[in-house]
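Contents: one structure, followed by commentary.
Only heavy atoms go into these numbers, but all of them, side chains included; no hydrogens, no water, no symmetry mates.
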Amino acid sequence: MAGGRFSASHEWIVVEGDKATVGISDFAQAQLGDVVFLELPKVGTRITPGESFGVIESVKAASDLYSPAAGTIVDVNEKLTTSPDLVNSDPYGAGWLVKIQVEGEPEGLLSEAEYSAGPGAGH
């Protein structure tokens, strides 16, 4: 994923200017199994790094989603309401979760190589 960074909690972020797209990694969706429901924040919600901003539920488990950056939610992937399986089939594309108006540069994130060698080992 070109230009993407990863959190240790398996979220990815791609920053373009002052906006960023956030999703979960391919490794995370594979560990969760079939995603059946997502609880995502409303547009306008302010988030901070490491803060839970939603929940992802699969046939195996429910997990919190954690923000990799500070900012305000400016868009939510409404397609996931009726097609949560997009997270499984296209986690870096159509399965994105939210878009954020970022405040400052996200810090403490891993490059794809670092993530693949550590928290996302095996993918």
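Within the 4.5 Å cutoff, the side chain of Thr72 has heavy atoms near those of the Glu103 side chain. Annotation: side chain of Val22 is in contact with side chain of Pro68 (closest heavy-atom distance under 4.5 Å).
When all heavy atoms are compared, the tightest approach of Pro91 to Val87 is CB-O, 3.3 Å. Scanning both residues, Pro41 and Val76, for their nearest heavy atoms gives O-CG2, 3.1 Å. Minimum heavy-atom separation, Pro106 to Val15: CG-CG2, 4.0 Å. Closest heavy-atom contact between Ile13 and Ala69: CD1-CB, 3.7 Å.
Distance OG/Ser25 to OH/Tyr92: 5.0 Å, rounded to 0.5 Å. To the nearest 0.5 angstrom, Ile24 atom CD1 is 7.5 Å from Leu38 atom CG. If you take CG on Leu80 and CD on Glu39, they are separated by 13.5 Å, rounding to the nearest 0.5 Å. The CH2 atom of Trp12 sits 5.5 Å away from the OG1 atom of Thr21 when rounded to the nearest 0.5 Å. Here the straight-line distance linking atom CG of Leu65 with atom CD of Glu11 works out to 6.0 Å at 0.5 Å rounding.
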Hey, can you pull the donor-acceptor pairs under 3.5 Å for the side chains in residues 52-61, sequence neighbours left out?
{"unit_1": "Ser58", "atom_1": "OG", "unit_2": "Leu32", "atom_2": "O", "d": "2.6"}
{"unit_1": "Ser58", "atom_1": "OG", "unit_2": "Lys60", "atom_2": "N", "d": "3.0"}
{"unit_1": "Ser58", "atom_1": "OG", "unit_2": "Ala61", "atom_2": "N", "d": "3.1"}
{"unit_1": "Ser58", "atom_1": "OG", "unit_2": "Ala61", "atom_2": "O", "d": "3.2"}
{"unit_1": "Lys60", "atom_1": "NZ", "unit_2": "Gln31", "atom_2": "O", "d": "3.4"}

Let me check something: any side-chain donor-acceptor pairs from residues 95-102 under 3.5 Å, sequence neighbours excluded? List them with distances.
{"unit_1": "Gln101", "atom_1": "OE1", "unit_2": "Lys19", "atom_2": "NZ", "d": "3.2"}
{"unit_1": "Gln101", "atom_1": "NE2", "unit_2": "Asp18", "atom_2": "OD2", "d": "2.5"}

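Using a 3.5 Å distance cut-off with no hydrogens or angles, the side chains of His10 and Tyr66 do not pair a donor with an acceptor.
Under the salt bridge (charged side-chain N to carboxylate O under 4.0 Å, His left out) criterion, Glu51 pairs with no residue at all, not counting sequence neighbours. Among residues two or more places apart in sequence or in another chain, the side-chain hydrogen bond (donor to acceptor under 3.5 Å, both in side chains) test is passed with Ser63 by none. Residues that satisfy the side-chain hydrogen bond (donor to acceptor under 3.5 Å, both in side chains) test with Asn77, not counting sequence neighbours, are absent from this structure.
Remark: side-chain polar atoms of Tyr115 are not paired, donor with acceptor, to backbone N or O of Arg5 under 3.5 angstrom.
The side chain to side chain donor-acceptor pair (under 3.5 Å) pairs that include a residue from residues 78-89 are Gln29-Asn88, where partners are two or more places apart or lie in different chains.
Hydrophobic clustering (side-chain heavy atoms under 4.5 Å, transitive across Ile, Leu, Val, Met, Phe, Trp, Tyr) groups Leu40 together with Val43.
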